[in-house]
Amino acid sequence: MPSPNETPSFSHLRDKALQLRRNMLIQAAGKGQGYLGQGFGLAEFFAALYFHELNFDPKYPQAPDRDRFYMSTGHYSIALWAVFAEIGLIPKDTLTTYGADESPLEMSTIEGHVPGVEMTGGSLGHGLGIAAGAALGLRIQNNPARVFVEISDGELQEGSTWEAATAASAFGLDNLVCFNDCNGIQADGALVVPMEPVADKWRAFGWDVQEVDGNALEELIGAMHWARARRGKPKVIVMRTRPGRGIARLEAREQAHFIRVEGNEWDTLGRELELENA
């Protein structure tokens with residue numbers, strides 16, 4: 001994968017984000033439904049992470065010195081499979097099996113089914129604790145690998161998230177970077193418990209904090225470079241994302257957690273994606 005020390009090509013990363021959205025549409029159309037809202041909302045993040053920042057070789061997905069990426073929101077798997085198809089971890093023609101019986105491309109990630117999946121996600125509130133433990137273990141082993149974890153704003157309602165945040169700060173885990181996706185929704189609508197001000201909460205728990213537009217590649221890359229340079233504390237990048245980003249009709253939907261459309265609409269969505277991102 002490209003070195004994070006290289007100057008990023010934003011046009012290349014924008015092309016990758018668009019291709020990830022295409023891959024997600026293939027999956028959702030094959031299943032007839034899926035978590036497109038969250039996947040589309042994080043396309044720029046996954047493009048920046050996997051095609052610029054992460055030290056990860058898909059030819060050696062278990063390399064001891066690899067950076068670890070833990071995706072706590074297992075139902076965002078539609079975005080992860082889109083990435084894995086682009087980097088060669090899975091064949092592209094398997095994308096149409098997303099969520100199908102016997103397919104390894106589950107609608108929520110399960111460790112061991114697909115190379116490159118570091119944790120079983122979906123039971124929200126577990127990811128940060130797992131990532132903090134991994135970061136501490138790598139430091140004890142003098143392993144220079146870094147640990148990245150993505151969590152949702154809904155997970156901030158879980159006490160286990162803040163227990164892990166406290167531990168990571170107490171141990172000074174500066175090899176840990178958390179990406180907090182703040183899209184304002186959970187299963188049936190807006191967050192049940194309002195969590196703002198999110199950035200101030202992280203600072204109160206002893207973390208270094210950056211807050212960015214999660215759909216702006218320049219801001220994401222800048223924050224990733226900032227996190228790499230900081231020492232002494234765990235870092236969190238609070239990403240303000242828009243579910244369904246990339247197709248205006250999806251972005252405007254009130255119920256964007258799980259997307260269903262009529263069977264004849266998938267081709268229409270594909271055309272809209274190309275037109276709106278030309």
Side-chain angles (χ1 to χ4, degrees), residues 16-43 45-47 49-50 56 58-59 61-62 68-127 130 149-152 154-155 158 181 183 185-189 243-247 249-250 253 255-273:
K16 287 298 182 184
L18 176 57
Q19 186 58 50
L20 295 183
R21 289 186 171 102
R22 290 174 179 141
N23 289 352
M24 291 181 230
L25 268 181
I26 290 171
Q27 294 174 76
K31 178 66 175 175
Q33 56 193 0
Y35 292 97
L36 274 180
Q38 295 92 329
F40 270 40
L42 282 186
F45 161 69
F46 277 104
L49 183 69
Y50 272 91
F56 178 79
K59 295 179 181 177
Q62 292 299 314
R68 275 71 167 170
F69 172 59
Y70 296 94
M71 191 172 71
S72 188
T73 53
H75 58 291
Y76 288 25
S77 66
I78 195 169
L80 200 60
W81 308 147
V83 171
F84 285 1
E86 283 304 298
I87 64 178
L89 271 174
I90 60 174
K92 278 199 173 183
D93 60 10
T94 63
L95 291 175
T96 57
T97 71
Y98 165 74
D101 291 345
E102 308 301 326
S103 171
L105 306 187
E106 303 273 2
M107 296 184 79
S108 193
T109 51
I110 298 178
E111 184 183 2
H113 284 203
V114 178
V117 175
E118 300 280 2
M119 68 169 282
T120 297
S123 295
L124 302 183
H126 293 180
I130 293 171
V149 59
E150 178 273 329
I151 70 172
S152 65
E155 289 182 86
E158 302 277 359
D181 177 30
N183 60 22
I185 64 170
Q186 54 189 95
D188 295 317
R245 181 69 169 173
I247 298 179
R249 181 157 39 130
L250 294 184
R253 284 175 66 126
Q255 292 291 330
H257 181 75
F258 191 79
I259 300 294
R260 295 182 179 90
V261 300
E262 296 299 321
N264 61 356
E265 288 188 271
W266 292 108
D267 288 342
T268 302
L269 289 177
R271 289 192 293 271
E272 290 176 5
L273 176 66

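Just the heavy atoms: all of them, side chains too, but no hydrogens, waters or symmetry mates, feed the values below. For this chain, numbers begin at 1 and follow the sequence in order. This is a predicted model, so every value here is computed, not measured.
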Chemist: Which pair of heavy atoms, one from Ala47 and one from Leu20, lies closest together, and at what distance?
Modeler: N-CD1, 3.9 Å
Chemist: Which heavy atom in Ala79 sits nearest to a heavy atom in Gly39, and how many Å separate them?
Modeler: CB-CA, 4.0 Å
Chemist: Working to the nearest 0.5 Å, report the span between CE of Met24 and CG of Leu42.
Modeler: 8.0 Å
Chemist: Starting from the C-alpha separation in whole Å, work towards a yes-or-no answer on side chain to side chain contact (heavy atoms under 4.5 Å, CB included) for Met71 and Met119.
Modeler: CA-CA 7 Å; Met71 191 172 71; Met119 68 169 282; 5.7 Å; no
Chemist: So Thr96 and Gln27, do their side chains get closer than 4.5 Å, heavy atoms only?
Modeler: no
Chemist: The criterion is side-chain hydrogen bond (donor to acceptor under 3.5 Å, both in side chains); which residues satisfy it with Glu118, sequence neighbours excluded?
Modeler: Arg66
Chemist: So, taking the atom named CD1 in Ile110 and the one named NE2 in His113, what distance separates them when rounded to the nearest 0.5 Å?
Modeler: 4.5 Å
Chemist: If you measure only the distance, is there a donor-acceptor pair under 3.5 Å linking the side chains of Gln38 and Asn183?
Modeler: no
Chemist: Can you tell if the side chain of Val149 reaches within under 4.5 Å of the side chain of Phe69, non-hydrogen atoms only?
Modeler: no
Chemist: Can you confirm whether the side chains of Thr73 and Glu150 place a donor and an acceptor under 3.5 Å from each other?
Modeler: yes
Chemist: Test Leu105 against Ile90 for side chain to side chain contact (heavy atoms under 4.5 Å, CB included), laying out the working first.
Modeler: CA-CA 9 Å; Leu105 306 187; Ile90 60 174; 3.9 Å; yes
Chemist: Name all residues meeting the side-chain hydrogen bond (donor to acceptor under 3.5 Å, both in side chains) criterion together with Thr109; count only those two or more places apart in sequence or in a different chain, and write none if there are none.
Modeler: none
Chemist: Is a donor on one side and an acceptor on the other found under 3.5 Å between the side chain of Ser77 and the backbone of Glu106?
Modeler: yes
Chemist: Run Trp81 and Val117 through side chain to side chain contact (heavy atoms under 4.5 Å, CB included) and show every step you take.
Modeler: CA-CA 10 Å; Trp81 308 147; Val117 175; 3.7 Å; yes
Chemist: Taking the side chain as every heavy atom from C-beta outward, state whether His75 and Met107 have any pair of such atoms under 4.5 Å apart.
Modeler: no
Chemist: Checking Ser72 against Glu155 for the side-chain hydrogen bond (donor to acceptor under 3.5 Å, both in side chains) test, could you report, in this order, the C-alpha distance in whole Å, the side-chain angles of both residues, the deciding distance, and whether it holds?
Modeler: CA-CA 9 Å; Ser72 188; Glu155 289 182 86; 2.5 Å; yes
Chemist: Apply salt bridge (charged side-chain N to carboxylate O under 4.0 Å, His left out) to Glu265 and Arg271, showing your working.
Modeler: CA-CA 10 Å; Glu265 288 188 271; Arg271 289 192 293 271; over 6 Å; no
Chemist: Once rounded to the nearest 0.5 Å, what's the spacing between atom CD of Glu86 and atom CG of Leu95?
Modeler: 8.5 Å
Chemist: Applying side chain to side chain contact (heavy atoms under 4.5 Å, CB included) to Leu25 and Arg21, what does each step give before you reach the verdict?
Modeler: CA-CA 6 Å; Leu25 268 181; Arg21 289 186 171 102; over 6 Å; no
Chemist: Are Glu158 and His126 side-chain neighbours, meaning at least one heavy-atom pair lies under 4.5 Å?
Modeler: no
Chemist: I'd like to check the ring-ring contact (aromatic ring centres under 6.0 Å, His included) partners of Tyr98; sequence neighbours left out, ordered by chain and number.
Modeler: none
Chemist: Quick one: does any side-chain atom of Arg245 pair with a main-chain N or O of Phe40 as donor and acceptor, under 3.5 Å?
Modeler: no
Chemist: If every non-hydrogen atom of Ser152 is compared with every non-hydrogen atom of Leu124, which pair is closest and at what distance?
Modeler: OG-CD1, 4.4 Å
Chemist: Give me the atom names and distance for the closest heavy-atom approach of Pro61 to Pro115.
Modeler: CG-CB, 4.1 Å
Chemist: Given Gln19 and Asn23, is the side-chain hydrogen bond (donor to acceptor under 3.5 Å, both in side chains) satisfied, shown in steps?
Modeler: CA-CA 6 Å; Gln19 186 58 50; Asn23 289 352; 3.0 Å; yes
Chemist: For residues Gly99 and Lys31, report the shortest heavy-atom separation together with the two atoms involved.
Modeler: O-NZ, 3.0 Å
Chemist: Can you find a pair of side-chain heavy atoms, one from Phe56 and one from Ile87, that are under 4.5 Å apart?
Modeler: yes
